[in-house]
Protein chains: 2
Amino acid sequence: MEPEGLVAHDALAVVLRITGAVPSVLLWQRAREPQAGRWALPGGRLGAEEDVEASVRRHLAEKVDLAEVAHVEQLAVFSDPHRGPAPRRVATAFLGLVPTDADPALPGDTAWHRVDALPDTAFDHGEITRAGIDRLRAKLSYTNIGFALAPDEFTVSELRDLYAAALGHRVSATNLQRVLTRRGVLVPTGATAAPGPSGGRPAARFRFGEHVLRVTDPFAALRPPGPPGVTG
Amino acid sequence: MEPEGLVAHDALAVVLRITGAVPSVLLWQRAREPQAGRWALPGGRLGAEEDVEASVRRHLAEKVDLAEVAHVEQLAVFSDPHRGPAPRRVATAFLGLVPTDADPALPGDTAWHRVDALPDTAFDHGEITRAGIDRLRAKLSYTNIGFALAPDEFTVSELRDLYAAALGHRVSATNLQRVLTRRGVLVPTGATAAPGPSGGRPAARFRFGEHVLRVTDPFAALRPPGPPGVTG
DNA sequence: TCAAAAGTGTTCGCGGTACACCCATGA
DNA sequence: TCATGGGTGTACCGCGAACACTTTTGA
């Protein structure tokens, strides 16, 4: 441990974006030892006048345009005393999400990497990345977090492809539309998209009604009793 | 900030236990400034050779018998630069749960406080406590976390009272039993409890099948498609 | 007129709630 | 035999999955 029990504190970000048919994570390649050449999550030291969320946003701004990051939330603390070489560092990890239509300019040392083919990662950053993916998958099912992955306007098929990529399994456009409209998450814009070269009915365009995280599937289990006479 | 960007890191615990008809939280009264007389969460400095979870367990052991704490999980990081007086401290908060039948001996400065009537709390410990209660309420609905609140053996009515106290609303014993047995969480022991002085049918006794956290309500929404031909 | 893609209608079944009813005991 | 509390049986309903069918386009 450092003098007088103090430790270095980092804020790290698992920034995810759907590319092609899989999520990708934003990594930068370390130029210097330790672990030169390995790929690391963006982030860095906690500053004197900021909390960890402000810190992760500040460090992220060095790698991507922050306006492109549609959602940020705390993941967990990683504090194994041997998670990296001395001196010790404790990290608060965050999940960040970037919409598919955003393709921000990146510094030369930084790139998106498909999560199904990660390069050699630095320290415990591979484990932290998996925690971010798990969080995203869980929240897709019971929140409106898709707003942070999708472009402003989209067709249901496009959204289905996003969900399928993030979840890692096929998703039915039919049911996705019904579920999300029933929950009041999806709002039709009135516009339609032109069909592709092989024809087909033009698709209606939608957008997410809210662009802030909301739990849309309050757990039915053990909810307070309803007013008398209201069965079911 | 401290020399060279280092900060003190604390591990704090929101230890909850159901007492009477409400949850109570374990607090100790500060003897020294700052905030002498105010009530604080147990916890303290991160040690050199431990991660934050080991640290919170170590500090907790100074206040209660650790064997009585049935479950511990990470809550969140609290890092506002002005959450306490200088020098700055960052805290990783944990949720801890103690069964109702355990009533561990406590040091003189330490006591259980009903969460609906908290005393003056130190720093941001009131806010952290609320985060712990919220986490417990959420997890009661979709996990088997009740194992950490209930005694080893209990009747459904006793369990109903526990759930009602933790959730803050009435709970139906009928439905609680059905839900938890259907999920395979509750196991009958075969024993029965003697009725009270006013009579009534003897109640069957149950226990939690597992004493480790398990998600029992996998979100039905957007799960992977089943094998073909299996409808519904 | 045909293929392709979007979208709707319908059925099914699970699971949680509500509520009526039955069971076992003490006074 | 009655009050009291425990336990079961049953109906209802929301909701997500599956799948057949209709709609609208390009070739």
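By convention in this document, chain letters (A, B, ...) are assigned in the order of the sequence lines, proteins followed by strands, and residues within each chain are numbered from 1.
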>> Run the side-chain contact (heavy atoms from CB on, under 4.5 Å) test against Pro107(A) and tell me which residues pass, sequence neighbours left out.
In response: Lys63(A), Asp109(A), Thr110(A)
What are the atom names and distances for every N/O pair under 3.5 Å that joins the protein to nucleotides 20-22 of chain C?
none

> Given atom CZ of Arg170(B) and atom C1' of dC19(C), what is their separation to the nearest angstrom?
Replying inline: 14 Å
>> What is the separation between atom CG on Leu186(B) and atom P on dG16(C), rounded to the nearest whole Å?
In response: 14 Å
Name every donor-acceptor pair, under 3.5 Å, that has one atom in a side chain of residues 66-74 of chain B and the other anywhere in the protein, sequence neighbours excluded.
residue: His71(B); atom: NE2; partner: Glu73(B); partner atom: OE1; Å: 2.8
residue: Glu73(B); atom: OE1; partner: Lys139(B); partner atom: NZ; Å: 3.2
residue: Glu73(B); atom: OE2; partner: Arg135(B); partner atom: NH1; Å: 2.8
residue: Glu73(B); atom: OE2; partner: Lys139(B); partner atom: NZ; Å: 3.3
residue: Gln74(B); atom: OE1; partner: Val77(A); partner atom: N; Å: 2.7
residue: Gln74(B); atom: NE2; partner: Val77(A); partner atom: O; Å: 3.4

For residues 118-126 of chain B, tabulate all N or O donor-acceptor pairs below 3.5 Å that involve a side-chain atom, not counting sequence neighbours.
residue: Asp124(B); atom: OD1; partner: Arg83(B); partner atom: NH2; Å: 3.1
residue: Asp124(B); atom: OD2; partner: Arg83(B); partner atom: NE; Å: 2.8
residue: His125(B); atom: ND1; partner: Leu41(B); partner atom: N; Å: 2.9

> Of all residues at least two apart in sequence or in a different chain, which pass the side-chain hydrogen bond (donor to acceptor under 3.5 Å, both in side chains) check with Arg214(A)?
Replying inline: Glu210(A)
> Given dG16(C), dT24(D), dG16(D), which nucleotide is nearest the side-chain atoms of Arg183(A)?
Replying inline: dG16(D)
> Looking at dT10(D), does its base get a donor-acceptor pair with the side chain of Arg178(B) below 3.5 Å?
Replying inline: yes
> Between dG7(D) atom C1' and Asn175(B) atom CG, what is the distance in whole Å?
Replying inline: 12 Å
> If only side-chain N and O atoms of Ser198(A) are considered, is one of them under 4.0 Å from the OP1 or OP2 phosphate oxygen of dG26(D)?
Replying inline: no
> Rounding to a whole Å, what distance do you find between Phe154(B):CZ and dG6(D):C1'?
Replying inline: 16 Å
>> Below the 4.0 Å mark, does dT8(D) have OP1 or OP2 next to a side-chain nitrogen or oxygen of Gln177(B)?
In response: yes
> Of all heavy-atom pairs between Val52(A) and Ser79(B), which one has the smallest distance, and what is that distance?
Replying inline: N-OG, 2.8 Å
>> Without decimals, in angstroms, what is the distance between Leu176(A) CG and dA18(D) C1'?
In response: 15 Å
>> Can you measure Glu158(B) atom CD to dG5(D) atom C1' for me and round it to whole angstrom units?
In response: 13 Å
> Rounded to the nearest Å, what distance is computed from the CZ atom of residue Arg205(A) to the C1' atom of nucleotide dA6(C)?
Replying inline: 14 Å
>> What contact category does Ala194(B) fall into here, base, sugar-phosphate, or nothing, at under 4.0 angstrom with non-hydrogen atoms?
In response: nothing
> Given atom NE2 of His169(A) and atom C1' of dA17(D), what is their separation to the nearest angstrom?
Replying inline: 12 Å
>> If the condition is side-chain hydrogen bond (donor to acceptor under 3.5 Å, both in side chains), which residues does Thr19(B) pass it with, not counting sequence neighbours?
In response: Ser24(B)
>> Let's see if you can work this out: which of dT25(C), dG26(D), dA6(C) has an atom nearest to the side-chain heavy atoms of Pro195(B)?
In response: dT25(C)
> Given Arg17(B), which of Val64(B), Val25(B), Asp103(B) fulfils the side chain to side chain contact (heavy atoms under 4.5 Å, CB included) condition?
Replying inline: Asp103(B)
